[in-house]
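Everything below concerns the one structure shown next.
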Amino acid sequence: MSATVETVDQITDLADEKYKYGFVTDIESDTLPPGLNEDTIRFISAKKDEPEWMLEWRLKAFRHWLTLEEPDWQKPKFPKIDYQDACYYAAPKNMKDGPQSLDEVDPELLATYEKLGIPLREQEMLAGVAVDAVFDSVSVATTFKAKLEEVGVIFCPISEAVKRCPELVKKYMGSVVPFNDNTYATLNSAVFTDGSFVYIPKGVRCPMELSTYFRINEANTGQFERTLIIADEGSYVSYLEGCTAPMRDENQLHAAVVELIAHDDAEIKYSTVQNWYPGDENGVGGIYNFVTKRAACRGRNSKVSWTQVETGSAITWKYPSCVLLGDNSVGEFYSIAITNNRQMADTGTKMIHIGKNTSSRIISKGISAGKSDQTYRGLVRMAGKANGARNYTQCDSLLIGDTCGAHTVPYIESKNPSAVVEHEATTSTISEDQLFYLRQRGIDEETAVALIVNGFCRDVLQQLPMEFAVEAQKLVGISLEGSVG
Amino acid sequence: MLEIKNLHVTVDGTEILKGIDLSLGSGEMHAIMGPNGSGKSTLSYTIAGRAGYDVTEGEILFKGQNIVDLSPEDRAAEGIFLAFQYPVEIPGVANTTFLKEALNAMRRHRGEDELDAMQFVRMLREKVKELGISDDMLKRAVNAGFSGGEKKRNEILQMSVLEPALAVLDETDSGLDIDALKIVADGVNRLRNPERSMLMITHYQRLLDYIVPDFVHVLAHGRIQRSGGKELAQELEKNGYAEFTKTDAAA
Ligand SMILES: Nc1ncnc2c1ncn2[C@@H]1O[C@H](COP(=O)(O)OP(=O)(O)OP(=O)(O)O)[C@@H](O)[C@H]1O
Ligand SMILES: [Mg+2]
């Protein structure tokens with residue numbers, strides 16, 4: 001059965017829910033007072049019991065960060081962030097040494113994840129999905145570890161990987177997103193707290209979906225996680241990240257870095273369902289989601305697919321990208337971005353074609369409602385040696401109401417005359433005819449909108465792993481609540 | 001079942017319906033005929049509750065209740081179904097998904113249990129067979145890329161799934177080839193029963209050979225000009241609407 005078939009029932013169930021992840025968990029936590037200086041970084045590094053080289057790397061990044069100015073070319077404008085006012089480390093208190101098994105995890109925490117719909121107890125898990133859960137600054141549980149280790153897959157918190165397989169971390173961390181890449185990535189390199197690490201050995205097809213759930217709980221805390229995924233020759237992995245945060249009046253910064261490396265004949269499928277707290281209908285509060293995600297298709301015939309469903313955050317600013325180095329490598333970007341109320345999103349991708357016969361495909365579906373504003377910004381670059389490279393881009397915008405905005409900004413740079421770049425864009429609205437037709441069949445207006453929008457996003461929803469497609473469809477419905485009528 | 005009294009309807013500031021009186025008893029089949037632009041679709045949209053079709057005078061009683069202020073979805077749940085003259089395309093939404101959602105929305109409204117996927121598919125199989133609708137058409141997006149005839153058959157499929165108490169069929173016969181016309185007519189006839197009333201809008205006497213109406217009404221210039229039995233349709237076929245257009249001009 002196709003992923004979209006079973007949707008609407010759930011959408012309807014959730015019809016009168018608002019942001020349902022907005023609760024705060026009452027857990028005693030170990031929180032560093034606000035402020036950012038070299039001591040903050042030494043503190044984080046010490047908390048994580050890191051080797052010297054890791055601390056040095058962080059400090060190098062921090063010193064560089066001090067010299068940087070924040071960029072201002074993006075469409076969403078926001079007040080200057082006071083970095084001294086935020087906390088850079090928060091951890092549930094009784095987890096200092098990290099849980100060895102789920103029995104050692106604070107029951108409050110397990111309950112939190114259950115409330116989020118992510119049971120961490122293995123017997124309750126979705127069949128075949130291994131989960132790493134990151135709560136504020138630390139990873140609280142990684143499930144199915146043993147089963148993965150049998151086939152040689154390493155899936156663990158990045159803080160653990162630093163100690164367990166330092167050669168891999170040293171070799172790959174910062175190799176796709178260098179520490180001096182941009183303000184937020186540099187800040188992340190200095191203060192990153194946790195995130196997931198994945199290594200798939202040669203020829204291994206990862207036996208299950210890997211998934212990380214990020215949750216910001218503490219007030220005034222930023223989340224700076226780092227994810228590093230390495231797919232060795234001929235391997236395959238599908239990875240999903242999900243995110244939520246409590247409702248708070250102040251804006252919280254989320255500045256993550258994700259690096260993917262695909263070697264010869266390897267494939268990485270990376271899916272995101274981003275539902276950080278978007279702020280209220282007047283634009284108060286919400287997460288600033290400024291992340292740097294980049295993949296290096298280093299090997300011949302390697303492939304990376306980014307699929308994202310972006311419904312949350314007050315401001316989203318991200319461009320999951322692919323650097324297509326290996327000959328015949330493939331990059332894909334499938335995106336659904338939904339903005340409502342006063343949310344702003346500036347998102348898209350970069351496809352950098354360097355190897356011969358590389359190809360990329362971009363499908364972007366933007367839905368704007370309320371007073372929100374959205375920009376698709378995409379770069380396709382064909383380098384001089386990229387003989388026979390090709391790109392296909394399709395950007396569709398759907399407007400709900402007449403107080404929202406949608407913009408498409410494609411950048412195309414080609415230094416190779418044999419490269420082919422195709423770009424198509426459409427803008428549409430939900431027609432009164434469609435709404436009346438569905439309502440005449442007994443479907444209420446909000447469900448009708450959700451149904452039409454899900455139809456509009458179908459090409460992208462189909463790219464999501466089955467287990468998460470339904471969740472994503474529900475989100476589509478919830479995010480657009482109150483956008484009609 | 002349906003009782004329309006002195007109905008006046010204004011669209012974009014223009015009065016289109018100027019005092020319609022019409023009464024449908026349970027199980028009756030009524031046909032409405034009339035020249036292009038006489039207000040037939042306007043009447044059907046007004047019964048279904050489309051926004052922009054303002055009732056300025058009169059009332060529409062359905063099962064004894066005035067429905068003028070009900071939303072389209074509430075009217076649908078009460079049992080009013082409109083087969084559209086121009087069915088609408090909903091890209092990306094599978095026909096099956098749409099049908100299941102519509103049926104379950106109504107069942108919820110009536111306090112009945114929803115059908116699960118299995119029950120629904122079993123029920124759908126039966127209905128589909130009778131109407132000669134292919135599996136492919138069920139999987140495809142609602143009406144997207146359907147031929148004119150396929151769209152009309154799809155409307156009848158929806159009607160047979162939703163089992164309304166009152167069906168308004170707006171030119172369901174137009175665009176159908178002879179074979180499809182028979183299939184659709186059979187489909188409609190199968191759905192006739194003593195509890196279900198139908199209001200069938202058509203331009204062609206031909207359809208009435210297959211679906212025999214109890215009453216025929218002529219709508220012109222926003223009013224029912226004449227009502228009669230099925231022989232009225234034959235008379236129209238011969239003489240056209242000249243008589244009614246004249247009547248109005250003289251009035
Ligand atoms: N939005 C509108 N503003 C003004 N007039 C309108 C509007 N919509 C419809 N009309 C007019 O209302 C009249 C009735 O239209 P309607 O569609 O009900 O006719 P009909 O009897 O169904 O015709 P046909 O047989 O061609 O389907 C027409 O003259 C049409 O132009
Ligand atoms: Mg008409």
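Hydrogens, waters and symmetry mates play no part in the numbers below; they use all other heavy atoms, side chains included. First the proteins, then the strands, lettered A, B, ... as listed; each starts at 1.
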Task: Closest-packed option against chain A by number of heavy-atom pairs under 4.5 Å, given Leu99(B), Leu162(B), Ile80(B), Val142(B) - done: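 Heavy-atom pairs under 4.5 Å are most numerous for Ile80(B).
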Task: Between Asp459(A), Ile452(A), Leu438(A), the one whose heavy-atom pairs under 4.5 Å with chain B are most numerous - done: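 Most pairs with chain B among the choices: Leu438(A).
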Task: Top of Gln440(A), Arg441(A), Arg439(A) for chain B proximity - count of heavy-atom pairs under 4.5 angstrom - done: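 With the most close heavy-atom pairs to chain B, the winner is Arg441(A).
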- [ ] May I have the step-by-step check of side-chain contact (heavy atoms from CB on, under 4.5 Å) for Glu267(A) and Val330(A), ending in yes or no?
- [x] CA-CA 9 Å; Glu267(A) 179 176 350; Val330(A) 178; over 6 Å; no
Can you say whether [X] sits under 4.5 Å from chain A via the side chain, the backbone, both, or neither, judging by heavy atoms?
{"X": "Asn95(B)", "answer": "neither"}
{"X": "Ala141(B)", "answer": "neither"}
{"X": "Glu78(B)", "answer": "neither"}
{"X": "Pro87(B)", "answer": "both"}
{"X": "Arg75(B)", "answer": "neither"}

Open item on the list: Check whether Tyr45(B) forms a cation-pi arrangement with Arg50(B) (NZ or CZ under 6.0 Å from the six-membered ring centre, at most 45° off the ring normal).
Closed with: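 Yes, cation above the ring, under 6.0 Å and within 45°.
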Task: Side-chain ion pair, Lys365(A) and Glu310(A), N-O less than 4.0 Å - done: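 Judged by the 4.0 Å cut-off on N to carboxylate O distance, Lys365(A) and Glu310(A) do not form a salt bridge.
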Task: Pairing of Arg107(B) and Glu114(B) as salt bridge, 4.0 angstrom limit - done: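 Answer for the salt bridge query: no.
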Task: Tyr270(A) and Trp306(A) aromatic centres sub-6.0 Å - done: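 Distance test on ring centres: under 6.0 Å, yes.
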Open item on the list: Please report the interatomic distance OG1(Thr349(A)) to NZ(Lys318(A)), rounded to the nearest 0.5 Å.
Closed with: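 Reported value, rounded in 0.5 Å steps: 10.5 Å.
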Open item on the list: Please give me the minimum heavy-atom distance between Lys151(B) and Asn143(B), naming the atom from each residue.
Closed with: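 In this case the closest contact between Lys151(B) and Asn143(B) is CE-O, 3.4 Å.
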Task: Side chain / backbone / both / neither for Tyr437(A) at chain B, heavy atoms under 4.5 Å - done: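 Both parts, heavy atoms under 4.5 Å.
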